[in-house]
Colleague: 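Before I ask anything, here is the structure I am working with.
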Amino acid sequence: MPKYALVLHGGAVTMDPSSISPEKEAALREGLQAALKAGWKILHRGGSALDAVEATVNSLENNENFNSGRGSSLNLQGEVQMDASIMDGRTLQAGAVNSVRYVKNPVTLARTVMEKCEHVYLSGDGAIEFALEHGLTMEAVHYFETEKTRQEWLEIVMDEAKVPQKD
Amino acid sequence: TVGAVALDQDGNLAVATSTGGIEGQRKGRVGDSPVIGGGSYAANEACAVSCTGDGEVLLRGALAHEVYALVKYKGLSVQEACKEAVQLRAEDLKGDKGFIAIDTDGNIAIESNTNVMRCAYRIEDEEPFVAVWREE
């Protein structure tokens, strides 16, 4: 039987180790484990690599401990703005979206672009409208925001407010 | 950012990458994740790669495609290719870089220049590996 395997990441960063609490670290490990399981079981049953990577990333997008989907960072305006891509190594087909809001799983939208759109890459409102046309699951703004991301955004805004103003 | 690469039982590769961007980013800013060749690339003839880290750095280096090219044209293993991509023009491409990759023989690579590299992998029925820190 040919070999099968799955590798995933949940982000690389340089940071003070003390900034990750034991509780946070445990939640991260649990999320990584769950995502690995979601993709691996597809491969184990003989499913496609494409289905496996989508399921893996969906799991991470649905987990607020990772910076994608629910738990995404907020931009300067305090809005979620998500990007995603997917590529099939067998055919070199690819799909990508950027600056997407409301779409629960941006990587599924990227796959829908790959499979059902004549183009490779859609952005912003066009990508959102394409998601609506194809019946993808949408969520309200508050679904994507978490206490952590809201707090991080407030700190950035407060820092900007400290800059002396002149009229 | 999150991502995954996989090899299935038919010998096919795939990659997916998804991100919420960076805190306080300018509206409309696009990083590497959605850019084919920047943050993601997959081709059965070489490997599948997903990137994470400083998006602008990964974009300027076209680093997902760089890993692919190092495997395809230089004949490096995915581990060697990812190590070389992390070091590629480090003086010009300064910043956090992280890569996961897999080839059609099931060889895998996880490389970064950061102390945190949240990752996991499982090969066939072997025990799963999960890590938060690069040195695990």
Side-chain angles (χ1 to χ4, degrees), chain A residues 1-15 25 28-29 32-33 36 39-40 43 46-50 52-54 56-57 60-61 66-69 71-77 80-90 92 94 96-99 106-107 120 152-153 156, chain B residues 1-31 33-36 39-44 48 50 52-53 96-98 100-102 105-106 108 110 112 114-124 128 130 132:
Chain A
M1 187 170 67
K3 203 169 191 175
Y4 60 95
L6 176 74
V7 190
L8 66 88
H9 70 77
V13 66
T14 302
M15 65 193 302
E25 185 174 333
L28 289 169
R29 288 182 191 279
L32 293 168
Q33 182 79 49
L36 186 67
W40 180 86
L43 296 175
S48 73
L50 205 56
V53 295
E54 182 187 3
T56 302
V57 170
L60 294 165
E61 286 175 334
F66 297 92
N67 181 17
S68 65
S72 286
S73 296
L74 303 183
N75 69 13
L76 204 51
Q77 284 71 33
V80 162
Q81 178 187 304
M82 301 172 289
D83 307 338
S85 66
I86 195 164
M87 187 167 185
D88 184 345
R90 184 176 62 89
L92 301 189
V97 294
N98 80 265
S99 302
V107 80
V120 171
E152 286 168 348
W153 177 76
I156 289 169
Chain B
T1 303
V2 306
V5 293
L7 166 68
D8 65 30
Q9 294 185 39
D10 294 323
N12 294 315
L13 299 173
V15 60
T17 308
S18 182
T19 190
I22 51 178
E23 297 154 16
Q25 70 182 358
R26 179 179 285 271
K27 192 167 188 169
R29 176 258 183 188
V30 178
S33 298
V35 178
I36 304 303
S40 293
Y41 202 76
N44 277 9
S50 176
T52 177
D96 289 346
K97 302 173 199 167
I100 57 170
I102 189 168
D105 293 324
I108 67 163
I110 301 172
S112 80
T114 61
N115 63 334
V116 174
M117 180 63 181
R118 306 170 187 105
C119 61
Y121 68 84
R122 188 168 187 186
I123 301 167
E124 295 186 319
V130 175
V132 170

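Remember, it's a predicted structure, so these values are computed and weren't measured experimentally. Convention: sequence-line order gives letters A, B, ...; per-chain numbering from 1.
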Colleague: What residue, out of T114(B), I36(B), V130(B), N12(B), has the most heavy-atom pairs lying under 4.5 Å from chain A?
Modeller: T114(B)

Colleague: Sort out for me which of G53(B), G39(B), P128(B), G21(B) touches chain A most, counting heavy-atom pairs under 4.5 Å.
Modeller: G21(B)

Colleague: Go through the atoms of R122(B) and report whether side chain, backbone, both or neither lie under 4.5 Å from a heavy atom of chain A.
Modeller: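 Contact with chain A: backbone and side chain both.
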
Colleague: Once ring pair (Phe, Tyr, Trp, His ring centres under 6.0 Å) is applied, do any residues pair with Y121(B), and if so which ones, sequence neighbours excluded?
Modeller: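 Ring pair (Phe, Tyr, Trp, His ring centres under 6.0 Å) check on Y121(B) returns F129(B).
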
Colleague: Contact part of W153(A) toward chain B, heavy-atom cut-off under 4.5 Å: side chain, backbone, both or neither?
Modeller: neither

Colleague: Picking from G98(B), G31(B), S33(B), which has the most non-hydrogen pairs under 4.5 angstrom with chain A?
Modeller: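 Heavy-atom pairs under 4.5 Å are most numerous for S33(B).
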
Colleague: Does any heavy atom of chain B fall under 4.5 Å from the side chain of Q77(A), the backbone, both, or neither of them?
Modeller: side chain

Colleague: Is it the backbone or the side chain of I22(B) that comes under 4.5 Å from a heavy atom of chain A, or both, or neither?
Modeller: backbone

Colleague: Report yes if some heavy atom in the side chain of M117(B) is under 4.5 Å from a heavy atom in the side chain of I100(B); otherwise report no.
Modeller: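 M117(B) vs I100(B): side chains touch.
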
Colleague: Looking at S72(A), S85(A), G71(A), which has the largest count of heavy-atom pairs under 4.5 Å with chain B?
Modeller: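 It is S85(A).
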
Colleague: Sort out for me which of G69(A), S73(A), A94(A) touches chain B most, counting heavy-atom pairs under 4.5 Å.
Modeller: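 Ranked by heavy-atom pairs under 4.5 Å with chain B, first place is S73(A).
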
Colleague: Rounded to the nearest 0.5 Å, what separates atom CD in E124(B) from atom CG in L6(A)?
Modeller: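 Separation between the atoms: 13.0 Å.
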
Colleague: Calculate, to the nearest 0.5 Å, the distance between atoms CG and NZ belonging to D8(B) and K3(A) respectively.
Modeller: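 Taking CG in D8(B) and NZ in K3(A), the distance rounds to 14.5 Å.
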
Colleague: Once side chain to side chain contact (heavy atoms under 4.5 Å, CB included) is applied, do any residues pair with A42(B), and if so which ones, sequence neighbours excluded?
Modeller: M87(A), V15(B), A48(B)

Colleague: Between atom CD1 of I86(A) and atom CD of E54(A), what is the distance when rounded to the nearest 0.5 Å?
Modeller: 5.5 Å

Colleague: Report yes or no: does Q81(A) contribute a side-chain atom to a donor-acceptor pair with the main-chain N or O of R29(B) at less than 3.5 Å?
Modeller: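 Yes; judged by distance alone, with no hydrogens or angles, the pair exists.
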
Colleague: What option among L13(B), L7(B), D105(B) has the most heavy-atom pairs under 4.5 Å with chain A?
Modeller: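 Option with the greatest count: L7(B).
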
Colleague: Please flag which part of D96(B) lies under 4.5 Å from any non-hydrogen atom of chain A: side chain, backbone, both or neither.
Modeller: side chain

Colleague: Which answer fits V13(A), side chain, backbone, both or neither, if we ask what part of it has an atom under 4.5 Å from a heavy atom of chain B?
Modeller: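 Its backbone and side chain both get close to chain B.
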
Colleague: Is there side-chain contact between Y4(A) and I123(B), with at least one heavy-atom pair below 4.5 Å?
Modeller: no

Colleague: Measure L43(A) against the heavy atoms of chain B and call it side chain, backbone, both or neither at under 4.5 Å.
Modeller: both

Colleague: To the nearest 0.5 Å, tell me how far N98(A) CG sits from T19(B) OG1.
Modeller: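 Rounded to the nearest 0.5 Å, the CG-OG1 separation comes out at 11.5 Å.
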
Colleague: When heavy-atom pairs shorter than 4.5 Å are enumerated against chain B, which of L60(A), N75(A), D83(A) gives the highest number?
Modeller: D83(A)

Colleague: I'd like to know which of S112(B), S40(B), A43(B), A101(B) tops the heavy-atom pair count under 4.5 Å against chain A.
Modeller: A43(B)

Colleague: Heavy-atom pairs under 4.5 Å with chain A: which of I102(B), I108(B), V30(B), V116(B) has the most?
Modeller: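 That would be V116(B).
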
Colleague: May I ask you to name which of V107(A), T56(A), L74(A) has the most heavy-atom pairs under 4.5 Å with chain B?
Modeller: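 Winner by heavy-atom pair count: L74(A).
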
Colleague: Could you go through the side-chain hydrogen bond (donor to acceptor under 3.5 Å, both in side chains) check for S18(B) and E61(A) one step at a time?
Modeller: CA-CA 8 Å; S18(B) 182; E61(A) 286 175 334; 2.6 Å; yes

Colleague: Considering only heavy atoms and a distance below 4.5 Å, find which of S48(A), G39(A), G10(A), A96(A) pairs most often with chain B.
Modeller: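 Going by pairs under 4.5 Å, I would pick G10(A).
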
Colleague: Rounded to the nearest 0.5 Å, what separates atom CD in E23(B) from atom CG in L76(A)?
Modeller: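 Reported value, rounded in 0.5 Å steps: 12.0 Å.
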
